[in-house]
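All of these numbers come straight from a predicted model, not from anything done at the bench.
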Amino acid sequence: EVQLQASGGGWVQPGGSLRLSCAVSGFTFGDYSIVWFRQAPGKERERVSCTSTKDGSTYYEASVKGRFTISSSNAENTVYLQMNSLKFDDTAVYYCAAGLYYSGGYYYTCPPLAELGSWGQGTLVTVSS
C-alpha cells in the first residue's frame, strides 16, 4: 500500500516558522520526486516546492523562494518543508504528492501534475495575528 502523510501544520503568527513533514511508505523512496502543493480557500491548488529523493535537486515557487526550504531524509523516508517568515498569504492546506523521478525517458524534479499518482492527506497551516 502506497501512502504519503503530510503533518506538522498548525497556527503561527506572521513572521513565524513551521516545519512540515511528508512521510512516505509503500514504494522505493529513491525512485520518486516529491511535490508540495497548497490550496487556500476559494483558490486553485498551487505548486510550492519539489525535490528528487534520488539526486537532491530542488525547485521553489517564486513566492516562497528564500523563505521555504525543502529537504529529504532517505533513512527516515521523509521529506520536509521548512517554512520561515510566514505571511498571511501562506495560509492554506498543504499536501505532498509523489511521481517517478525517471519516466518516459525524462527526469523530473517536479513531475507533471498528471503523472503524480500518489497524494497524501493535507495539513492545515494558519498564519494569523
**Asked** Which pairs count as ring-ring contact (aromatic ring centres under 6.0 Å, His included) when at least one residue sits in residues 52-94, sequence neighbours excluded?
**Response** none

**Prompt:** Is there any disulfide bond (SG atoms under 2.5 Å apart) pair reaching into residues 97-129, and which pairs are they, with sequence neighbours excluded?
**Reply:** Cys50-Cys110

**Message:** Applying disulfide bond (SG atoms under 2.5 Å apart) as the test, list every pair that has at least one member in residues 53-101; sequence neighbours left out.
**Reply:** Cys22-Cys96

**Request:** Return the set of residues passing side chain to side chain contact (heavy atoms under 4.5 Å, CB included) with Ala40 (not counting sequence neighbours), or none when no residue passes.
**Result:** Lys43, Ala92

**Request:** With sequence neighbours left out, write down each residue that passes side chain to side chain contact (heavy atoms under 4.5 Å, CB included) with Leu18, or none if nothing qualifies.
**Result:** Val12, Met83, Leu86, Val125

**Message:** I'd like to know if the side chain of Thr109 reaches the main chain of Thr51, judged simply by a donor and an acceptor atom lying under 3.5 Å from each other, with no hydrogens or angles considered.
**Reply:** no

**Item:** Thr28 side chain to Asp31 backbone, donor-acceptor under 3.5 Å
**Value:** no

**Prompt:** Who are the salt bridge (Lys or Arg N to Asp or Glu O under 4.0 Å) partners of Arg19, not counting sequence neighbours?
**Reply:** none

**Request:** Mind checking salt bridge (Lys or Arg N to Asp or Glu O under 4.0 Å) for Glu76 and listing every partner two or more places apart, or none if nothing turns up?
**Result:** none

**Candidate pair Val79 and Phe29, rule side chain to side chain contact (heavy atoms under 4.5 Å, CB included), full reasoning** = CA-CA 10 Å; Val79 173; Phe29 190 70; 3.9 Å; yes

How long is the span from the [atom1] atom in [X] to the [atom2] atom in [Y], to the nearest 0.5 Å?
X: Leu20; Y: Thr78; atom1: CG; atom2: OG1; answer: 12.5 Å
X: Ile34; Y: Ser71; atom1: CD1; atom2: OG; answer: 12.5 Å
X: Leu4; Y: Tyr32; atom1: CG; atom2: OH; answer: 9.5 Å
X: Asn77; Y: Ser25; atom1: CG; atom2: OG; answer: 8.0 Å

**Item:** side chain to side chain donor-acceptor pair (under 3.5 Å) contacts in which one or both residues fall within residues 81-92, not counting sequence neighbours
**Value:** Ser17-Asn84, Arg38-Asp90, Arg67-Asp90, Gln82-Asn84

**Prompt:** Which pairs with one or both residues in residues 120-129 pass side chain to side chain donor-acceptor pair (under 3.5 Å), sequence neighbours excluded?
**Reply:** Trp11-Ser128

**Qualifying residues under ring pair (Phe, Tyr, Trp, His ring centres under 6.0 Å), relative to Tyr101, sequence neighbours excluded** = Tyr107

**Item:** Side-chain heavy atoms of Glu46 within contact of Ser63, under 4.5 Å
**Value:** yes

**Asked** Does some side-chain heavy atom of Ser49 sit less than 4.5 Å from a side-chain heavy atom of Leu81?
**Response** yes

**Prompt:** Which salt bridge (Lys or Arg N to Asp or Glu O under 4.0 Å) pairs, counting each pair once, include a residue from residues 114-129, with sequence neighbours left out?
**Reply:** none

**Message:** Which Ile, Leu, Val, Met, Phe, Trp or Tyr residues join Trp119 in one cluster when any pair of side-chain heavy atoms under 4.5 Å counts as a link?
**Reply:** Val35, Phe37, Val93, Tyr95, Leu113, Leu116, Leu124

**Request:** Mind listing the closest non-hydrogen atom pair of Glu61 and Arg47 along with its distance?
**Result:** CB-O, 3.5 Å

